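The next block holds one structure in the form of structure tokens; read it before the comments.
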Amino acid sequence: MPEKFLKPYDPAATEGRLYGEWEKSGLFNPDECVRRGAARADAPAYSIVLPPPNVTGRLHMGHALMLAIEDIFVRYKRMRGFRTLWVPGTDHAAIATQAVVEKQIKKDEDKSRHDLGREEFVRRVEAFAEESHGTIVSQLKTMGASLDWSREAFTLDDARSRAVRTVFKRMYDAGLVYRGHRIVNWDPKGQTTISDDEVVYEERPAKLYTFRYANDFPISVATTRPETKVGDVAVAVHPDDARYRDFVGKEYDAVFCDVPIRLKIVADAAVDPSFGTGAVGVTPAHSQTDWDIADRHGLSHQNIVISEYAKMTVPGRLNGMKTAAARGAVVEWLKREGLLEKEEDIRQNVATAERTGGIIEPLPKLQWFVDVNREVPGRGASLKELMLEPVRSKKIAIIPDHFEKTYVHWIENLRDWCVSRQIWYGHRIPVWYRGEEIQVGVEPKEVGWTQDEDTLDTWFSSGLWTFSTLGWPDDAGDLKTYHPTDLLETGYDILFFWVARMILMTEFALGTIPFRTVYLHGLVRDAQGRKMSKSLGNNLDPVDIAAKFGADAARMALVVGNTPGTDTRISEDKVKGYKHFANKLWNIARFILENADDADAAVPLSEADVAHRAALDALTREVTADIDGYRVYLAAEKLYHYAWHELADNIIEESKPVLQGADAAAKASRRALLARLFDRTLRLLHPFMPFVTEEIWQSLPAKDADYLMVARWPVVE
RNA sequence: GCGCUCUUAGCUCAGUCGGUUAGAGCGUUCGCUUCACACGCGAAAGGUCGCAGGUUCGAAUCCUGCAGAGCGCACCA
């Protein structure tokens, strides 16, 4: 028996070495598995693409959970003989990464990106991304993820850039990507547009002011943003509102806080007669709703009174003031003029930018959009409909299935997707202009063309991930073999951001689904159920945890009892429990090596031993069905329970007198049984705890594969 | 406003979509230098399954209502 079994199991001395051995063996690569006879050349394929972590820093516990679940499926399928591919990669995460570097440069050098210039700034971001990439790769390996590194991808590398340009060009030619002057979510802090999904609403206290535009103006209106009223072009009332019916269609002139305005009274069903005075000042350039009202009544959209820097751009006293200051100034003026009628405290949802926290300023801008309602040529359906169909028809199954409703509900409310961003890091929009001319896709050879300054929303490139990583637009081997992928495993919090976009992009570019099953895991919270965050300081670093207790223990702690779609809690104590379990396996191994290392598998089993074997057969069937049914949380728990409380507590204990007794046949049978049960247990546990099981396996005297990783999963008929 | 989820032992959660006596981990109590393991072993206590109805031979599980917690979307003048 190897010396190491005389001491407790030491994950730190084992895990890194074993990962290196696995990697060197090449067996994470399905082609190599075929070459080495670990998978048949005609075996069915099984594929997962790793949701690419952002190159913004380090992995968190959510990543660790994702890796644990995906690696369980990948290792299980590999042991079942599938040509199993798990593609690694990272995401350039445009805004997020740029923001990190901008902050860093501001802090270190007190410079903005404009001080550095586009070229130099992008170089800095790339250097940061490179460094961050290295950290992330080593963290992925620490967790034991059996990824095929020969196929690693990055959302901003050359192959992925080619895919992005190709999709953009095809969408443009199909009329599905268009440039339009529309109201967008402008983030004055990040100086860029963002999509509707990147807006987060925060409830804050606010004041609702009721006022008149002028003394002779007949209607009072209520607003939380008096400073925007210099941009009003109309007052809207509900068509059935008897109070205002006589005024509809009339126009009034006023000078509002030095700004001359002309207001038309319009009737629109979007107005809620019970809110405020039942009359709304319409500011088309600075509110989506008002923009829509203006559309319906043929009013001007172009009365812009706020700049990209959230400053007033009007004649008179307000000019150049920040919106917050202008608000005060307008209220002052209203009071002085006797126009302010009421001031009340209310709670208001304020739109903020997810990444920068800046308050969103809706502004009309010339941007690129993906049209989700226009018919896709040759498909007889819009992108929206193409996103709905595979989920409704169950071609894509979402686990847990109640998220299918959430998904459908979201798609039905979807608006056109603004894909252009005014940031520098990312895929530059593949469009060139020369005067009135425009060229899309490939840079023109002639002089005089200039490329669009903007970059694409990061989700545009990650939306292509399942097929851009497999060689598309070339219709070559990997794409044919591994696409559509089998499983997409990710957090429910990015169902809309990412999962929906992948379905959109894949339906458009390939006319098929990107994956057959979506498994959504929940958030990983701390022991008190709080979200992990920097400000609370309650973050657990998966690499620290793995160093302290072993990656196997971390994986088990994250997986056991963690049902899909439900948040889970993690604490060091919980992980510690599974470190003890790894040690328990270690000691079982010691017992087996001491007592059954010379077991003869051919010996006939006694009646009692046959029963033990049958019980494990039953468990094997259950665990297999659980994994196939995506109940890994149950499979893990059952195996834990079997190894500890059945194999160790009962079977080994009752074996002691037998092994020391005089009945030679019973002894031989028991030795064969123990060797057999333990061999089986290691195989079943391997996807969950790959390191300790592999380490023990390699010390077993009789084994049918060099690596447990590619040993056969036990199939019981 | 529309929609979704949750409420089971002191704590954290399962309960594979109706079937003996409702399970696990942690915690608690008691006892163990038992020759695989103190990162351990043995034993024990602990639950009107949120509340009220209904369906059923049978309900933690299905239906209705109520209460509490959380989440998503929309609105937010």
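Chain identifiers are assigned alphabetically (A, B, ...) following the order of the sequence lines, protein sequences preceding nucleic acid strands; residue numbering begins at 1 within each chain. In this text, all values refer to a predicted model and were calculated from it rather than measured experimentally.
- Take A:Asp552 and apply the salt bridge (Lys or Arg N to Asp or Glu O under 4.0 Å) test, not counting sequence neighbours, and it matches no residue.
- Taking atom C1' in both B:A74 and B:G58, one finds a spacing of 44 Å when rounded to whole Å.
- Using bins of under 30°, 30° to 60° and over 60° for the plane-to-plane angle, the ring pair A:Phe211/A:Tyr213 lands in the perpendicular bin.
- Within 4.0 Å of A:Asn595, counting heavy atoms only, lies no atom of the nucleic acid at all.
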Exercise for the section: Would you mind building the protein contact string for nucleotides 21-34 of chain B? One character per nucleotide, 5' to 3', B for base within reach (heavy atoms under 4.0 Å), S for sugar-phosphate only, - for untouched. Expected result: ---SS---------
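- A sub-4.0 Å separation between OP1 or OP2 of B:C41 and a side-chain N or O of A:Lys584 is present.
- Across all strands, A:Ala648 comes closer than 4.0 Å to base atoms (heavy-atom distances).
- B:G27 and B:U33 have their C1' atoms separated by 25 Å, given to the nearest Å.
- To the nearest whole angstrom, the two P atoms, one in B:U16 and one in B:A22, are 16 Å apart.
- B:G10 and B:U5: their P atoms are spaced 27 Å apart (whole Å).
- In this structure, the CH2 atom of A:Trp586 is 17 Å from the C1' atom of B:G40, given to the nearest Å.
- Ranking B:C39, B:G15, B:C4 by closeness to the A:His580 side chain, first place goes to B:C39.
- Under the rule for a salt bridge (Lys or Arg N to Asp or Glu O under 4.0 Å), the partners of A:Glu203 that lie at least two apart in sequence or sit in another chain are A:Arg347.
- A:Arg243 is linked by a salt bridge (Lys or Arg N to Asp or Glu O under 4.0 Å) to A:Asp241, counting only residues two or more places apart in sequence or in another chain.
- If A:Phe581 and A:Phe591 are placed on RNA chain B by their nearest nucleotide, the residue sitting closer to the 5' end is A:Phe591.
- A straight line from NZ of A:Lys4 to C1' of B:A36 spans 16 Å, rounded to a whole angstrom.
- In this structure, the CG atom of A:Asp272 is 10 Å from the P atom of B:C76, given to the nearest Å.
- Base engagement by A:Glu653 is indicated by at least one non-hydrogen atom pair under 4.0 Å involving a base atom.
- Not counting sequence neighbours, the partners of A:Glu572 by the side chain to side chain contact (heavy atoms under 4.5 Å, CB included) test are A:Leu540, A:Ile545, A:Lys548, A:Phe549.
- More than 12 heavy-atom neighbours from other residues, nucleotides or ligands sit within 6.0 angstrom of NZ on A:Lys703.
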Quick one: which protein N/O atoms are closer than 3.5 Å to N/O atoms of nucleotides 68-75 of chain B? Pair and distance per line, please.
| unit_1 | atom_1 | unit_2 | atom_2 | d |
| --- | --- | --- | --- | --- |
| B:C75 | N4 | A:Asn349 | ND2 | 2.8 |

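- Between the C1' atom of B:C76 and the CZ atom of A:Phe275 lies a distance of 7 Å, rounded to the nearest Å.
- Note: CG (A:Asn583) to C1' (B:C39) measures 5 Å, nearest angstrom.
- Residues meeting the side-chain hydrogen bond (donor to acceptor under 3.5 Å, both in side chains) test with A:Asp526, sequence neighbours left out: A:Arg530, A:Asn538.
- Between A:Arg225 and A:Asp290, no side-chain nitrogen of the basic residue sits less than 4.0 Å from a carboxylate oxygen of the acidic one, so the salt-bridge criterion is not met.
- Residue contacts for A:Val282: at a heavy-atom cut-off of 4.0 Å it reaches no nucleic acid atom on any strand shown.
- Checking the phosphate oxygens (OP1, OP2) of B:C4, no side-chain nitrogen or oxygen of A:Tyr407 falls inside 4.0 Å.
- Atom C1' of B:U29 sits at a distance of 43 Å from the matching atom of B:G65, rounded to the whole Å.
- Considering only residues two or more places apart in sequence or on other chains, A:Lys638 meets the salt bridge (Lys or Arg N to Asp or Glu O under 4.0 Å) condition with A:Glu622, A:Asp626.
- The side chain to side chain contact (heavy atoms under 4.5 Å, CB included) check on A:Ala326 picks up A:Glu227, A:Met312, A:Leu318, A:Met321, with sequence neighbours excluded.
- Heavy atoms from other residues, nucleotides or ligands lying under 6.0 Å from NZ of A:Lys384 number more than 12.
- Every residue was checked against the ring pair (Phe, Tyr, Trp, His ring centres under 6.0 Å) condition with A:Phe591, not counting sequence neighbours, and none meets it.
- Listed pair A:Arg347 / B:C76 fails the phosphate criterion, with no side-chain N or O lying under 4.0 Å from OP1 or OP2.
- Between B:G47 and B:C73, the two P atoms lie 42 Å apart (nearest whole Å).
- Counting only heavy atoms from C-beta on, A:Lys638 has its side chain closest to B:U16 among B:G40, B:U16, B:A14.
- The 5' end of RNA chain B is approached more closely, in terms of each residue's nearest nucleotide, by A:Thr563 than by the other of A:Thr563 and A:Gln348.
- Using a 30° and 60° split on the angle between ring planes, A:Tyr76 and A:Trp713 fall in the perpendicular class, above 60°.
- With sequence neighbours left out, A:His612 forms a side-chain hydrogen bond (donor to acceptor under 3.5 Å, both in side chains) with A:Glu654.
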Fill in the blank from the handout: Secondary structure of RNA chain B per the Watson-Crick/G-U criterion (both distances under 3.5 Å; [ ] crossing, | other strand, . unpaired) is (((((((..((((.....[...)))).(((((.......))))).....(((((..]....))))))))))))....
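- Using a 4.0 Å heavy-atom distance criterion, A:Ile346 is classed as making no nucleic acid contact.
- Between B:C11 and B:C4, the distance separating the two P atoms is 29 Å to the nearest Å.
- Heavy atoms of A:Arg631 sit under 4.0 angstrom from at least one base atom.
- Taking only side-chain nitrogens and oxygens, A:Lys405 never comes nearer than 4.0 Å to OP1 or OP2 of B:G3.
- Residue A:Asn562 is out of contact with every strand shown, counting any heavy-atom pair closer than 4.0 Å.
- Between B:A60 and B:C2, the two P atoms lie 32 Å apart (nearest whole Å).
- Atom C1' of nucleotide B:C76 and atom NE2 of A:His286 are separated by 18 Å, given to the nearest angstrom.
- As rounded to whole Å, 13 Å separates atom C1' of B:G40 from atom CD1 of A:Ile652.
- Relative to the side chain of A:Ile588, the nucleotides B:A36, B:U16, B:C41 differ in distance, and B:A36 lies closest.
- Within 4.0 Å (heavy atoms only), A:Thr566 reaches sugar-phosphate atoms of the nucleic acid but no base atom.
- Between A:Arg355 and A:Asp187 there is no salt bridge, since none of the side-chain N atoms of the basic residue sits less than 4.0 Å from a carboxylate O of the acidic one.
- Donor-acceptor pairing under 3.5 Å, judged by distance alone, is present between the side chain of A:Lys579 and the base of B:C39.
- Per the geometry, CZ belonging to A:Phe403 stands 17 Å off P belonging to B:G3, to the nearest Å.
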